[in-house]
Every structure is written in structure tokens, then in C-alpha cells.
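Report on the following structure.
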Amino acid sequence: MSESTKSEGYSDSIKKKLRAIPKVDECLGWIEEHVEAPKAFVKAAVRELLANERDAILSGAGSKIEDLTKKVLVPELKKRVAAKVASNFRTVINATGVIIHTNMGRSLLPPEAMVGLTTVGSRYSNLEFDLTTGKRGSRYSLVEDLLCELTGAEAGLVVNNNAAAVLLVLDTLANGKEVIVSRGQLVEIGGSFRIPEVMKKSGATLVEVGATNRTHLKDYEGAITDETSLLLKVHMSNYRIIGFTSEVPLEDLVSLGRKHKIPVVDDLGSGSLVDLTQFGLEKEPTVQEVIRAGVDVVTFSGDKLLGGPQAGLIVGRKKIIDRIKKNHLNRALRIDKFTLAALEAVFRLYFDEEKKGTIPTLAMMAMPVDVIERRAKRLTRRVKKLLGDHCDMEIVAVESRVGGGAMPEQGLPSRAVSLRPRSMKLSLFENKLREAPVPIIGRIENERMLLDMRTVADDEVVIVAQTLCFIFGVE
Ligand SMILES: *Cc1c(COP(=O)(O)O)cnc(C)c1O
């Protein structure tokens, strides 16, 4: 818009354009015959479009008058209505190679868990009904025995997620008291879950000990007062301190806690039940090992390395867990029946040596490179000729990530299909993949789009192929 137009207020041309904007009812009449959608969606689409046109005209960037016609606006309206009718919650193809991707739903559930979800969703259940006594039961009892058997803990309970688990533990054991934490472990775990802030919410006072890179047992010991309620260890989920570092071994922390009769709590975060070295990853203590080391309470997520639904698992000594169970906050953080059903199914798979490996998160970690390579070849075979001049394509060696804050700097050797479009910019290509009917999310590296095939399911390969053909307009 030129200066002169601005100073004159709305120019004649703008006024004329505003007058040319069709009325809501007029648009509704145009579109009625074209779409079968709930009236509310159609109306909202019309209003949005007209408001957009108005704003655009007022800002000086508006359409030409001849664009405010039925012919131009109807296709745009159809698009908007279609977007409103389509589900907001959609499946995407995760080609990032990050197995536990928080933004894409973390762990995938095995079929056994899906059966549990369907059943419990469509039938009444014994969620809080004790079938032996006929009296009210506790929902926690549905998984507690399995959880204890798996982890070796005396008792356990489950809540909405691990952040809730940490909050509940602190609120129960440390409200109004002091909690000692190593300075190097005051972590923030995505989505603004920060240990110091959770601590504040729980009414506990944080006592930081040590330096960022090094903390010694004597630092903990020196900080113990009559007000100390617990010693907290937090797993360094999404980062590493490397170089001149020192952490107090868990066993020493446990001995110190015993000596002073102060409980030791370990927020494991990812919390694996299996030894990760079998996947070629660095050794991380399993939940069982941490319990065996004598830690009083352990918290971990249900949907990270465990491979189950979103949940926060709390296991440990019966005396302490009983106190946690009685906390009224529990009611607000409680787990729902779907999660319990899925969790029980996943727990049961862990007892079955043959089936354990089919838990998708574990299966994806264990997947050999040659299997991933075959998958990549299936994709390139399908589309290489078709895409021909449109896109350079090759299979390249990459590293997948476990994700979910587990082992941040370790990769799993993998294969990706590397795509370099010739007929469009990489950013546009990325856009088109993301906005496809089944969105495909890859990662851009060295001017190429990489589709890591570790996290692309076998039956998704054909969808990826179709999407690529669709994007480049080839059949
Ligand atoms: C992931 C994580 C949390 C939060 O767990 P959610 O299940 O996402 O609520 C807390 N602590 C640690 C150490 C974590 O890694």
C-alpha cells in the first residue's frame, strides 16, 4: 500500500472491493449442493473465508474483485469444509527414525493391548469392583501384582504419567521438607517439566548439592539436616554431562540414606525392564536393578522404553507406596481404564519370552540393519522408475535414535531413503509430505530429505510410495 492510500483512509478501490465480498447466505447457497457436511462446519468455513478476504482487502493485499466470485470461492470453500470434516487427530508416518517420539505419540501398542482397549471401552468391567468380595475394589490392584513381579518391588501404583508420579511422590514424602538433589540432575524434560518447578509445586524445598559436572557423596552427607525428607536421583534423560564428571554411585546413595533413615527416590524417566546392551546401546540400569540396589521408590514412564501406554509407574517399598496410595492428590492424577487395560496387556507380554520382542518399541530397537535395508529397497524399487527425473533417490546409512529422553547421544545404525527433488524446493517438498493425506515426517539433512525406514512400518511403505507419486504428479 502506498503512503498516500494509507493517509486517505480506505481508498475507493478498497471500499469497492469490500462491497464485492459476497454475503454469508449467498455463499451458503453456492456451496450447499457441493458438500455433504454438518451445517455448523459449512457456516464456519464460509465465515472464516469471508473474514480472511476482508482482512486481506483492508491490509491492501486483498484479492482482485474478479476473484470474489462463486467460481473462485467455491473451490476454496470446499477445501475449508473438507478440512473441518476431516479428523483433527490423524495418523502420520514417522520417518524420523526416532522410535519414542513424544510429538508423535511415543510408543506404539502391540495388538494384545489394542484388544484390551476395545474390550474395556465397549463393555463394563471390574475396574473398581472386587469380584471376590462383591465390594468396591481398587483400580490399582489390576496391575500391581504384575508390576511387582516384573520389577521385584514390594508394591507399586500407576498414575497418569511420570511427571505426575514424581509430583505425587514428592508431595507425599517431602511436602514442607527438604529434598537433596545433585546440581547436575536438575533437568528439564521437554514440555516444561523441570525438577525445580515440580519440587516447588509439591511444597518441597530443593537443596542442590555438588557442582554441575561433579557431585560427591560427601556433598549429599553435608547437606543432610533434620528437615531432609529424601535423597532424589534424577535420570539425565535428554542430555549428557561429559568430560570431567562424577556422579555418586546408586549403592553409595542408598547406604547414605539407610545410615540417616532417609528414603532414596530414583526418577528413572525412561525406565527399561530389559538390558539395553542387547540392542548395542550403552548399559543403563534396569528398573529391577535399581530396586535390587535398595532404592526405596522408583518412578518411570509407561510409554518410553517400557513400550506401553502413557502412564507413570511408581514402585518400591510397601510402607512408602502405601502412603503414596493414600495421598488425595492421587485422585486427580489417576489412570484411566484404557491405560490400565493396555498396561496389563503389555506387562503380560514381558512374561512371555517369545512374545516380549514383539512389543513395538523393543522390536524397533532390535531391528537388524538388513531388515531396514530391505524395507528401504522395497520403497525405492516401487518408485525409482516412476519418479525418474523428478527426484534423486538413494539408500544411505543413517543413525536412528531411541528418543523419549533415552540415551540422547547414542545412535542405532539404520538406513534411510534419501530424496532430493529436482522439480521443487526441498522446503516445498517437506511441506507436501507433511500435508499429504497421510502425513510423512522425515528429516532434512545436507540438503536432502531422509526417510529413516526403521520407524516406517512394513505396511506403510506402499503409502509412502503412493504419496511420493502423488506429490510429483506421476502414476
Ligand atoms: C520423561 C521423563 C519424565 C516425564 O515423564 P512423562 O511420562 O513424560 O510425564 C520425568 N523424568 C524423567 C527423568 C524423564 O525422562
Side-chain angles (χ1 to χ4, degrees), residues 98-109 143 147 151 156-171 173-174 179 181-202 204 206 215 230-241 247 250 253 264-273 276 281-282 284-287 289-290 295 297-316 324 329-330 332-336 338-340 342-343 346 361 365 401-410:
V98 179
I99 299 171
I100 306 167
H101 201 302
T102 296
N103 303 149
M104 293 185 220
R106 289 200 183 156
S107 286
L108 304 183
L109 294 175
V143 291
L147 184 55
T151 58
L157 82 157
V158 283
V159 290
N160 184 49
N161 57 16
N162 189 38
V166 175
L167 177 67
L168 186 62
V169 170
L170 291 175
D171 186 78
L173 304 178
V179 175
V181 191
S182 162
R183 200 161 260 130
Q185 297 171 1
L186 294 174
V187 298
E188 169 176 320
I189 294 128
S192 78
F193 173 86
R194 283 187 176 155
I195 289 294
E197 275 147 39
V198 176
M199 195 90 69
K200 210 179 279 166
K201 273 270 180 294
S202 73
L206 171 67
T215 304
L230 54 94
L231 307 177
L232 176 66
K233 184 174 161 77
V234 183
H235 185 72
M236 285 188 231
S237 283
N238 42 9
Y239 79 118
R240 279 285 177 275
I241 295 177
E247 283 265 331
L250 196 58
L253 208 57
V264 175
V265 174
D266 193 351
D267 173 25
L268 271 183
S270 267
S272 179
L273 295 177
L276 297 173
L281 294 165
E282 218 174 78
E284 293 247 0
T286 61
V287 179
E289 284 164 354
V290 173
V295 168
V297 178
V298 181
T299 58
F300 58 106
S301 288
D303 53 357
K304 289 184 180 170
L305 287 169
L306 183 80
Q310 176 191 306
L313 295 88
I314 310 174
V315 293
I324 297 171
L329 197 52
N330 218 332
L333 308 175
R334 85 176 178 191
I335 190 166
D336 78 318
F338 295 105
T339 312
L340 278 166
L343 205 51
V346 172
T361 298
M365 281 197 283
R401 300 273 153 189
V402 175
M407 292 122 329
E409 83 286 38
Q410 286 184 77

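If you read the sequence from its start, that first residue is 1, and numbering goes on from there. Numbering of ligands and ligand atoms starts at 1, following listing order.
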Problem - H235 and Q185: side chain donor to acceptor below 3.5 Å - result: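 Distance-only check fails for H235 and Q185.
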Problem - Residue pair T361 / S107, side-chain donor-acceptor N/O under 3.5 Å - result: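 Distance-only check passes for T361 and S107.
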Any non-hydrogen side-chain atom of [X] less than 4.5 Å from a side-chain atom of [Y]?
X: L306; Y: L273; value: yes
X: V159; Y: R334; value: no
X: I324; Y: V169; value: yes

Practice task
Show the numbers, then the answer: is there a side chain to side chain contact (heavy atoms under 4.5 Å, CB included) between L305 and I100?
Solution key: CA-CA 8 Å; L305 287 169; I100 306 167; 4.0 Å; yes
Exercise for the section: Heavy-atom contacts with H235 under 4.0 Å: which atoms of ligand 1 show up? List them by number with element. Expected result: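 Listed by number with element, the hits are 13 (C).
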Problem - Atoms in ligand 1 flagged as close to S301, the criterion being non-hydrogen separation under 4.0 Å - result: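 What qualifies from ligand 1 is 5 (O), 6 (P), 7 (O).
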Handout entry: Any V166 heavy atom less than 4.0 Å from ligand 1
Key =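 Contact check V166 vs ligand 1: negative.
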Problem - Contact check, Q310 vs ligand 1, heavy-atom distance below 4.0 Å - result: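 So Q310 does not count as touching ligand 1.
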Exercise for the section: Determine whether the side chain, the backbone, both or neither of R106 has a heavy atom under 4.0 Å from any heavy atom of ligand 1. Expected result: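 For R106, the contact with ligand 1 is made by the side chain alone.
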Problem - Nearest candidate to atom 3 (C) of ligand 1, where distance is taken over non-hydrogen atoms, out of I100, N162, V198 - result: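 The residue whose heavy atom sits nearest atom 3 (C) of ligand 1 is N162.
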Practice task
Would you check the N or O atoms of A163, main chain and side chain alike, for any that come under 3.5 Å of an N or O of ligand 1?
Solution key: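 N/O-N/O distance under 3.5 Å: yes.
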